[in-house]
Peer 1: 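The structure that follows is given in the form of structure tokens.
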Amino acid sequence: STPQPNIGTIKAFACSFPVYASASWTTPPQVASRTQEFTFRIDTIDPKKRQARVVGTGGSALASLLTTPVGVTVIEQTPLGNVNMTTVFAAGQQGRTFLAVHSRHIGDPAAPPTVSQNYGTCESQ
């Protein structure tokens, strides 16, 4: 059988998140879950520089990288100051496929925030 890759040595992932949950800011907040087609890549992973690149349909962005025994977390800050965070977990790996979660914390100075959590997998490349 093919050896499974060590998550700390992977240089790129192709991620897919077919399910998400988002909140509507009523009192109390209401959460809805839906299916979707949402994919992006994480590449140029450099644990020494603590940096990676997130590549989606709208372009690419450099992001901070945190590597721990739990997994690899990529933290992207948008130009406005919002945060998107993706964790690829070490546990639950099946071959080259890892469990993953992607959270979006999108605020606007003049409107309620738009937040979501996306659930899926990332495959090592």
Side-chain angles (χ1 to χ4, degrees):
S1 78
T2 307
Q4 295 189 356
N6 175 334
I7 196 166
T9 63
I10 295 168
K11 299 299 179 201
F13 291 101
C15 301
S16 175
F17 299 92
V19 177
Y20 76 99
S22 61
S24 297
W25 295 102
T26 57
T27 306
Q30 300 295 307
V31 177
S33 176
R34 293 187 176 80
T35 60
Q36 66 182 351
E37 289 186 30
F38 177 45
T39 62
F40 60 85
R41 288 180 48 80
I42 300 169
D43 65 16
T44 322
I45 296 172
D46 188 336
K48 288 182 182 167
K49 289 184 179 178
R50 299 179 67 170
Q51 205 170 21
R53 185 175 71 150
V54 178
V55 183
T57 56
S60 66
L62 283 179
S64 299
L65 177 73
L66 180 62
T67 304
T68 70
V70 171
V72 174
T73 299
V74 176
I75 304 164
E76 175 191 358
Q77 183 175 343
T78 69
L80 187 59
N82 292 305
V83 175
N84 297 323
M85 182 169 65
T86 306
T87 298
V88 183
F89 295 98
Q93 173 185 2
Q94 293 186 355
R96 295 180 353 176
T97 303
F98 297 81
L99 300 175
V101 63
H102 174 79
S103 299
R104 290 183 167 185
H105 302 216
I106 308 300
D108 181 314
T114 304
V115 298
S116 64
Q117 193 163 52
N118 303 262
Y119 309 97
T121 58
C122 292
E123 185 176 315
S124 63
Q125 300 289 287

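Just the heavy atoms: all of them, side chains too, but no hydrogens, waters or symmetry mates, feed the values below. Numbers here simply count residues along the sequence, with the first being 1.
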Peer 1: Mind checking the CD-OG spacing from Glu76 to Ser64? Nearest 0.5 Å is all I need.
Peer 2: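 So the gap between those two atoms works out to 10.0 Å.
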
Peer 1: Should the heavy atoms of other residues, nucleotides or ligands under 6.0 Å from NZ of Lys49 be counted, would the total exceed 12?
Peer 2: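 At most 12 heavy atoms, drawn from other residues, nucleotides or ligands, come within 6.0 Å of this atom.
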
Peer 1: Does a side-chain heavy-atom distance below 4.5 Å link His105 with Asn82?
Peer 2: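 No. Closest side-chain heavy atoms not under 4.5 Å.
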
Peer 1: Within this structure, what is the OG1-OH distance for the pair Thr35 and Tyr119, rounded to the nearest 0.5 Å?
Peer 2: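 Result: 14.0 Å between the selected atoms.
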
Peer 1: Give a yes-or-no answer on whether the side chains of Thr73 and Thr87 include a donor-acceptor pair shorter than 3.5 Å.
Peer 2: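 Yes, side-chain donor-acceptor contact under 3.5 Å.
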
Peer 1: Taking all heavy atoms of Cys122 and all of Phe17, pick out the closest pair and write down the distance.
Peer 2: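 So the two residues come closest at SG-CZ, 4.3 Å.
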
Peer 1: Could you check whether any side-chain heavy atom of Ser33 comes within less than 4.5 Å of a side-chain heavy atom of Val19, counting everything from C-beta outward?
Peer 2: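 When only atoms from C-beta onward are counted, Val19 and Ser33 do touch, with a gap below 4.5 Å.
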
Peer 1: Determine the minimum heavy-atom distance between Ile7 and Gly71, stating which atoms define it.
Peer 2: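 In this case the closest contact between Ile7 and Gly71 is CD1-CA, 4.3 Å.
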
Peer 1: Please name the pair of heavy atoms, one in Tyr20 and one in Ser116, separated by the smallest distance, quoted to 0.1 Å.
Peer 2: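 Distance-wise, the nearest heavy atoms are CD1-CB, 4.4 Å.
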
Peer 1: Given 3.5 Å as the limit, does a donor-acceptor pair link the side chain of Gln77 with the main chain of Pro79, or not?
Peer 2: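 Not a single qualifying donor-acceptor pair exists.
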
Peer 1: Rounded to the nearest 0.5 Å, how far apart are OG1 of Thr121 and CZ of Arg96?
Peer 2: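 Interatomic distance, Thr121 OG1 to Arg96 CZ, rounded to 0.5 Å: 11.5 Å.
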
Peer 1: Tell me, do Gln36 and Asn118 make a side-chain contact under 4.5 Å, heavy atoms counted?
Peer 2: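 Counting from C-beta outward, Gln36 and Asn118 do come under 4.5 Å.
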
Peer 1: Within a strict 4.5 Å, meaning less than it, do heavy atoms of the Asp46 and Leu65 side chains meet?
Peer 2: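 They are not in side-chain contact.
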
Peer 1: What distance do Thr97 atom OG1 and Glu123 atom CD have between them, rounded to the nearest 0.5 Å?
Peer 2: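 Here the interatomic distance stands at 4.5 Å.
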
Peer 1: Hey, which of Val74, Thr44, Ile42 is the one that makes side-chain contact (heavy atoms from CB on, under 4.5 Å) with Arg53?
Peer 2: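 Exactly one pass, corresponding to Thr44.
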
Peer 1: Kindly indicate whether the side chain of His102, heavy atoms from C-beta on, has any atom under 4.5 Å from the side chain of Phe38.
Peer 2: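 Contact flag for His102/Phe38 side chains = yes.
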
Peer 1: With rounding to the nearest 0.5 Å, note down the distance linking CG in Leu99 to CD in Gln94.
Peer 2: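 The CG atom of Leu99 sits 7.5 Å away from the CD atom of Gln94.
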
Peer 1: If we ignore hydrogens and angles and just use 3.5 Å, is the side chain of Gln30 paired with the main-chain N or O of Pro28 as donor and acceptor?
Peer 2: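 Yes: the side chain of Gln30 pairs with the backbone of Pro28.
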
Peer 1: How close do Gly107 and Leu80 get, counting heavy atoms only, and between which atoms?
Peer 2: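 Closest approach of Gly107 to Leu80: O-CD2, 3.9 Å.
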
Peer 1: Side chains of Phe98 and Val72, heavy atoms from C-beta outward: is any pair under 4.5 Å?
Peer 2: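 Heavy-atom side-chain distance check fails, nothing below 4.5 Å.
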
Peer 1: Which atoms form the tightest heavy-atom contact between Phe40 and Gly56, and what is the distance?
Peer 2: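 That would be CB-CA, 4.1 Å.
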
Peer 1: Looking at every non-hydrogen atom in both residues, tell me the closest pair between Ile45 and Ala12 and how far apart they are.
Peer 2: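 Distance-wise, the nearest heavy atoms are CD1-N, 3.8 Å.
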
Peer 1: Please walk me through it: do Thr57 and Thr39 pass side-chain contact (heavy atoms from CB on, under 4.5 Å)?
Peer 2: CA-CA 8 Å; Thr57 56; Thr39 62; 5.9 Å; no

Peer 1: Do the side chain of Thr68 and the main chain of Val70 share a donor and acceptor less than 3.5 angstrom apart?
Peer 2: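 The answer is yes, because a donor-acceptor pair under 3.5 Å joins these two groups.
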
